[in-house]
Structures are given as structure tokens and as C-alpha cells.
Amino acid sequence: MARIGTIVGWDGSPEADEALAWAADREDHAGGALHVLRVLDLARSTTPVEQVAAARSSLAEMAKALAVRNPGLETLPELAVGDVVAELDRAAGHDRLLVLGASRAGRVRRPEARRIPIALAGRAEGVTAVVPRGPTPGGTGVLAVVSGRAHSRPTVDFAAETAAALGERLVIQRLHDPHDLEVGEPTLVVESEIERVREHHPELDVSLASGWVSSPYGLLSRSDAVALLVLEGSRPSAAPPRYSFERWLAGQARAPFVVVAESMRPPAATSASAKLALAV
């Protein structure tokens, strides 16, 4: 069996179908296996047996169609029962790319459909991709948005590897979160990271963008201009949910994006208190 590098949450909806196609093309190029997980929440179901049977049938049909579309791709369909967010998070862990579909630019107001990508895009650890349904704005290149601290490196590495595989240019942009709880200047020099990327990927066109991204609105406009936006996640932040960069993208983005969350120790209480005091 090939290495399982990507897991996609699939429920048979048009949004999930688009995410499945995106994940299949990516893993087909990487040479790994694709894990397709269908999760049923039967807590309030009155016909659980029928729902399970229908889900198994749809998984089988999906596998057949995917074998025709991506004949060289090994696909592992699975049916699970439980809370959708918890099961997808558990299956993906921290070392697999989790791919989810989203409604068109978040404009379709279906709370349950939007809840899943919004919740998982903000998870504390792991790599999560959200693929909005519908035509993309048609941008080019890969944009990595990082805070410039030590835990930014996995985001830069993921973006560089993806840009090299796609043959796209890579642009690195600094992120300034007004609700940042980390006290002190960034320890990672972004310019040195660019040199490191050039050493590992000499064929890659990589550059540093001028200015900062300091609001979810600015991040959203930049996502429209690129083929893929890669955001550093799991940043210690006091931002309320409505101002979360990850949640904002999951609810409004029109182009695919990836959140790379590296686990870290929470900031010291004194640091958090100092930042909160300054914000008041």
C-alpha cells in the first residue's frame, strides 16, 4: 500500500466532490494513497440502518468514478460513525493533509455545511486545506503568510514544496495579528528563510512581499490573487472567533487555501496578561 498523505472528508455533496477532485490530483502527483472518509452523525437519526447502507453505496460509486478519473491513484474509502469534526480531526492527525469542501465564498448561509470547515481550519495541530466550490478568481503563484517566528518554518516548507511541485512562484508575506499574545520581536528572519528555500529548491522563483497582512480582510483579498494561499496557523492569539484569520478564510475565501498548524507551548501567563493589558 502506498503512503497515505492526504485524507479528504466526503459526504457526496457538490462541495465535497470538488474537494475530492482537488485532493485526488494533488495526491496523484505526489504518488501516495488517498483516504476518503465519510462520517455519519446518527445521534438524531430515525433510520440509521438505511443511512449506513446508502452511505456505503455512495462510497462505492465514488471509488469507481475516481478510479476512472485518476486511474493510477490508490483510494481507501472508509465509513465512520460519530461527530463529523472529531472523526475527521482524529483520522487526519498532525501528519496528513486534511482536505475539506466549502460552499461558494461562504455566501450560501447553511450553518451546518459551513461549521465543519470553519471548525477544522482553526484546529491546533495539523495541515488543513479548504477548497471552495465554484470557479476560482484565477490567480497564480503560492503565497505563504507567516508571523516570522520559529513556528513559521513548517508553513514556509509546505508552501515551498507545493510551489515547486506545481511549477509556480512562491511569495512570502509577513503576518501581523493585532491580537497576538506573543511578546517580543519575531525570532525568525524571513529573509534568511528565503535563502534557505532557494538552497533546497534552486529552480523555485521565491521572493518577499512588501508590507504586512494585518486583518482578515487583507488576507481574503490576497487569497483571490494567488492559486494557493498557505497560512501559518495555531498562533497564540486573543482574537475573538469572528476575527480569526483561519475562520474568516474558511467562511469567505473563493480560492483554495491551506492552514499549517504546528503545536507549541502556550505563552506564559505573564506574557498573555501583558498583551491583554496593552489591548484594553
Side-chain angles (χ1 to χ4, degrees), residues 1-103 110-133 158 162 165 233 246 250 256-261 263:
M1 185 181 72
R3 168 195 59 83
I4 301 175
T6 303
I7 177 170
V8 57
W10 185 82
D11 61 2
S13 66
E15 292 83 4
D17 283 340
E18 196 144 335
L20 176 64
W22 189 91
D25 290 343
R26 186 185 189 281
E27 200 56 52
D28 203 0
H29 183 84
L34 178 65
H35 182 185
V36 183
L37 180 59
R38 174 77 185 269
V39 183
L40 290 179
D41 189 346
L42 301 177
R44 299 180 180 179
S45 175
T46 57
T47 56
V49 175
E50 291 80 357
Q51 279 189 261
V52 169
R56 285 176 175 166
S57 176
S58 65
L59 271 174
E61 291 299 320
M62 174 277 302
K64 290 179 183 178
L66 199 59
V68 174
R69 184 180 184 276
N70 299 83
L73 178 64
E74 184 176 356
T75 304
L76 304 172
E78 179 189 355
L79 177 63
V81 175
D83 179 78
V84 178
V85 171
E87 287 298 317
L88 288 172
D89 189 24
R90 175 198 59 78
H94 68 277
D95 56 349
R96 297 177 182 175
L97 173 64
L98 173 62
V99 182
L100 305 165
S103 61
R110 290 161 35 195
E112 285 303 308
R114 295 179 61 196
R115 177 182 68 90
I116 296 170
I118 288 175
L120 288 167
R123 61 191 184 129
E125 185 177 18
V127 185
T128 308
V130 177
V131 182
R133 183 189 176 204
F158 182 92
T162 302
E246 297 88 346
F257 69 91
V258 176
V259 178
V260 181
S263 65

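As the structure is a computational prediction, the values presented were derived from the model and not from experiment. Nothing fancy with the numbering, it's 1 onward along the sequence. Basis for what follows: all heavy atoms, side chains included, without hydrogens, waters or symmetry-related copies.
Side-chain contact check for Asp41 versus Gln51: every heavy-atom pair is 4.5 Å or farther apart. Residues Leu42 and Val52 have side chains in contact (heavy-atom distance under 4.5 Å, counting atoms from C-beta outward). In this structure, Trp10 and Pro77 have side chains that are not in contact, with every pair of non-hydrogen atoms separated by 4.5 Å or more. In this structure, the side chains of Leu34 and Leu66 come closer than 4.5 Å at one or more pairs of heavy atoms. Between Arg123 and Leu98 there is a side-chain heavy-atom pair separated by less than 4.5 Å. Looking at Asp11 and Arg38, their side chains come closer than 4.5 Å, going by heavy atoms from C-beta outward. Contact of the Leu100 side chain with the Leu88 side chain is registered, since non-hydrogen atoms from C-beta on lie closer than 4.5 Å.
Counting heavy-atom neighbours within 6.0 Å of Arg69 CZ, excluding the residue itself, gives a total above 12.
Between the side chain of Glu27 and the backbone N or O of Gly32 there is at least one donor-acceptor pair closer than 3.5 Å.
For Pro117 against Ala102, the heavy-atom pair with the smallest separation is CG-CB, 4.4 Å. Taking all atoms of both residues into account, the shortest heavy-atom contact from Ala121 to Val259 is O-CG1, 3.6 Å. Heavy atoms only, all atoms of each residue included: Ala24 and Asn70 are closest at CB-OD1, 3.7 Å. For the pair Val39 and Gly82, the tightest heavy-atom approach, listed with the atom from each and the gap, is CG1-O, 3.6 Å. Closest non-hydrogen pair, Ala55 versus Ser58, comes out as O-OG, 2.8 Å.
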Problem set entry | Arg26 vs Leu97, side-chain contact (heavy atoms from CB on, under 4.5 Å): CA-CA, chis, key distance, verdict | CA-CA 10 Å; Arg26 186 185 189 281; Leu97 173 64; 3.6 Å; yes
For this session: For the pair Val130 and Glu15, evaluate side-chain contact (heavy atoms from CB on, under 4.5 Å) and give the outcome as yes or no after the intermediate values.
Result: CA-CA 10 Å; Val130 177; Glu15 292 83 4; over 6 Å; no
